[in-house]
Participant: 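Mind having a look at this structure? Questions to follow.
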There are 2 protein chains.
Amino acid sequence: MPDTMTFQTKCHACPLRKKQAFRPFEDKELNFVAKFKTGELKVEAGSTIVLEENKTPHLYTILEGWAFRHKSLPDGRRHVLNFALPGDLVGLQLAILNEMQHTVTALTDTTLCVFQRDKVWTVFKDYPALAYSMTWMASREEQMLDGHLLSLGQRSALERLAYLFLHLHDRAEAVGYASNHTFDAPFTQTHLAEALGITPVHTSRTVKKLQQQNLINWKKDRLQILNREKLEAIAAYERDDTTRRPLI
Amino acid sequence: MPDTMTFQTKCHACPLRKKQAFRPFEDKELNFVAKFKTGELKVEAGSTIVLEENKTPHLYTILEGWAFRHKSLPDGRRHVLNFALPGDLVGLQLAILNEMQHTVTALTDTTLCVFQRDKVWTVFKDYPALAYSMTWMASREEQMLDGHLLSLGQRSALERLAYLFLHLHDRAEAVGYASNHTFDAPFTQTHLAEALGITPVHTSRTVKKLQQQNLINWKKDRLQILNREKLEAIAAYERDDTTRRPLI
DNA sequence: CGGACTGTTGATCGGTATCAATGCTCGTGG
DNA sequence: CCACGAGCATTGATACCGATCAACAGTCCG
């Protein structure tokens, strides 16, 4: 459940903006974003941010924390479509298509910047660089989904897991959530299972296999990549382009 | 291999534009699109339109025909990410991210409208309504991929096939490629297998099962949905919103 | 302390893969 | 016009990856 609505982080002093991973902003755009932002939303781990069918009037950027997008079949089978990290937009599909076909849930306590959805058109009309950034992010999400589809369609369970670990590590690293090949792993094996399309039981066995081969080390919410080379070989993973990305 | 470069269809007289499925255009936008379009590309069935790694300077809209997006692992395993039909943009990821991580191949003889990629920024700067349309299409593609991910992750082979048939039928219908619950099926069972993440052998058996239950009829490149209700029940499929969509 | 959730392990089952042979269709060239 | 070959589809036999079922262990928290 949504919580307090405070406004603590000024866009001009945004801690995310300082990170290497993100592109610097023109003043004009930054000033607009500062106005575009109407508040901050802090939610607890486990709470729903955007619900399928529920047309909240907001668009968000994750400022801090992990979330995940998911989608279910009527009988309850649930799939984790992707994870979301700081800098990722939440609710863009809703803002553009006026329809949401998935749910977004916080994995950790999460802070989000809140934008008014009805100003998206203003963005396109008056701030083309920002609009371009939004489209950039939509395209990048599409690219990640392409990767996950390839994974689910063609890779074995072990390969999928290796791929997902590398994928998550690299994304966490890009926003400063990793160091020394290690990152906070706020997800459960059940989350992984739902992302990989396998059962939790088999996930457990598969994780164990990677650990026994000394490829990873996962203890107490910290996951370490021990042998990146071998993991990459198993997964046929290639590190993504690390050119700087936009931030809204 | 790309073929002749002709220019036969004027945007103002675009046959696609007349279809119910698409939103009407403002004159200003239409005039620009007409200028934006630099030609037409006709390719034969089986030829590559956009190749991974290969930075062609073009962005396309499919004017006529079927294509498919796909992506492979180094060892050759290939996955069909999605199919593309008239009105669909090809190469948007390339235009926006400046990088393509998949290939697009023509399934039938296909005609494409060719746009200059380097004018995409002009679109955002001067034609916000068009830019919005592009983003709309990117978001819709993302939505479809979400659906396919749910399918691959959670549905059985039979359910996936039922889902894909309905999905393809409805998309074909929207652009006038279906009538009487029947549409041209230019794909092979191997294509389906690659989209569903199962083997061609198992695809054959699964298709057979749907036919024996009199749910579909697939003969000589024509696929008919015989019992939509039961298919929808098997697939847990819901027809997509049919509000009119943009066209570029 | 108790309960809820998460993860582990073992036994068994089943859906889909794999291997292999055959059939079908269609375009091509003799 | 027929023979042929290349893809594609079908069918059967068998193998295996991951699902399911079940019991139990660990951890956290009220």
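We name chains A, B, ... by the order of the sequence lines, and we start the count at 1 in each one.
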Participant: Mind checking if A/Val201 touches a base, just sugar-phosphate, or nothing, with heavy atoms under 4.0 Å?
Facilitator: base
Participant: Rounded to whole Å, please give me the gap between CG in B/Leu161 and P in C/dG15.
Facilitator: 17 Å
Participant: With a non-hydrogen cut-off below 4.0 angstrom, is B/Gly46 in contact with a base, only sugar-phosphate, or nothing?
Facilitator: nothing
Participant: Would you please indicate if the ring centroids of B/His58 and B/Phe115 are separated by under 6.0 Å?
Facilitator: no
Participant: From C-beta outward on B/Arg205, which listed nucleotide comes closest to its side chain: D/dA13, C/dT9, D/dA9?
Facilitator: D/dA13
Participant: What contact category does B/Thr188 fall into here, base, sugar-phosphate, or nothing, at under 4.0 angstrom with non-hydrogen atoms?
Facilitator: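 Answer is sugar-phosphate: B/Thr188 comes under 4.0 Å of backbone atoms only.
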Participant: Within this structure, what is the CD-to-P distance between B/Glu194 and C/dT16, rounded to whole angstrom?
Facilitator: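 Computing the B/Glu194:CD to C/dT16:P distance gives 18 Å.
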Participant: Under 4.0 Å, heavy atoms only, any strand: does A/Ser156 hit a base, just the sugar-phosphate, or nothing?
Facilitator: sugar-phosphate
Participant: Identify whether NZ of Lys or CZ of Arg in B/Arg155 sits under 6.0 Å from the centre of the six-membered ring of B/Tyr163 and within 45° of that ring's axis.
Facilitator: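 Yes, cation above the ring, under 6.0 Å and within 45°.
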Participant: Please figure out whether A/Arg160 or B/Thr203 has its closest DNA chain D nucleotide nearer the 5' end.
Facilitator: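 Result: B/Thr203.
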Participant: May I ask you to verify if any side-chain N or O of B/Gln189 is less than 4.0 angstrom from the OP1 or OP2 atom of D/dT10?
Facilitator: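 B/Gln189 to D/dT10 OP1/OP2: side-chain N or O found under 4.0 Å.
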Participant: Indicate whether OP1 or OP2 belonging to C/dA17 is found under 4.0 Å from a side-chain N or O atom of B/Thr199.
Facilitator: yes
Participant: Starting from P on D/dC17, measure out to CG on A/Leu196 and report it in whole angstrom.
Facilitator: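 Spelled out: CG on A/Leu196 to P on D/dC17 is 17 Å.
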Participant: When the distance from CD of B/Gln212 to C1' of D/dA9 is rounded to whole Å, what number comes out?
Facilitator: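 Going from CD in B/Gln212 over to C1' in D/dA9 covers 15 Å.
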Participant: To the nearest Å, how far apart are A/His202 NE2 and C/dT9 C1'?
Facilitator: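 Interatomic distance, NE2 of A/His202 to C1' of C/dT9: 14 Å.
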Participant: Measure from the side-chain heavy atoms of B/Ser204 and tell me the nearest of C/dA17, C/dT8, D/dT11.
Facilitator: D/dT11
Participant: Between P on D/dG18 and NZ on A/Lys208, what's the gap in Å once rounded to a whole number?
Facilitator: 16 Å
Participant: To the nearest angstrom, how far is B/Phe187 atom CZ from D/dC8 atom P?
Facilitator: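 Interatomic distance, CZ of B/Phe187 to P of D/dC8: 14 Å.
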Participant: Ion pair present between A/Asp241 and A/Arg140, side-chain N to carboxylate O less than 4.0 angstrom?
Facilitator: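 Not counted as a salt bridge, because no side-chain N and carboxylate O are separated by less than 4.0 Å.
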Participant: Can you tell me the distance, in whole Å, between the CG atom of A/Asp221 and the P atom of C/dT6?
Facilitator: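 About 12 Å, once rounded to whole Å.
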Participant: So, A/Arg77 and B/Glu159, do they make that salt bridge, N to O below 4.0 Å?
Facilitator: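 Salt bridge flag = yes for B/Glu159 with A/Arg77.
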Participant: Return the orientation label for the B/Phe68 and B/Phe83 ring planes: parallel under 30°, perpendicular over 60°, tilted otherwise.
Facilitator: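 It falls in the tilted class, 30° to 60°.
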Participant: Identify whether any heavy atom of B/Thr190 sits under 4.0 Å from a base atom; if not, whether one sits that close to sugar-phosphate; answer base, sugar-phosphate or nothing.
Facilitator: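 Sugar-phosphate contact only.
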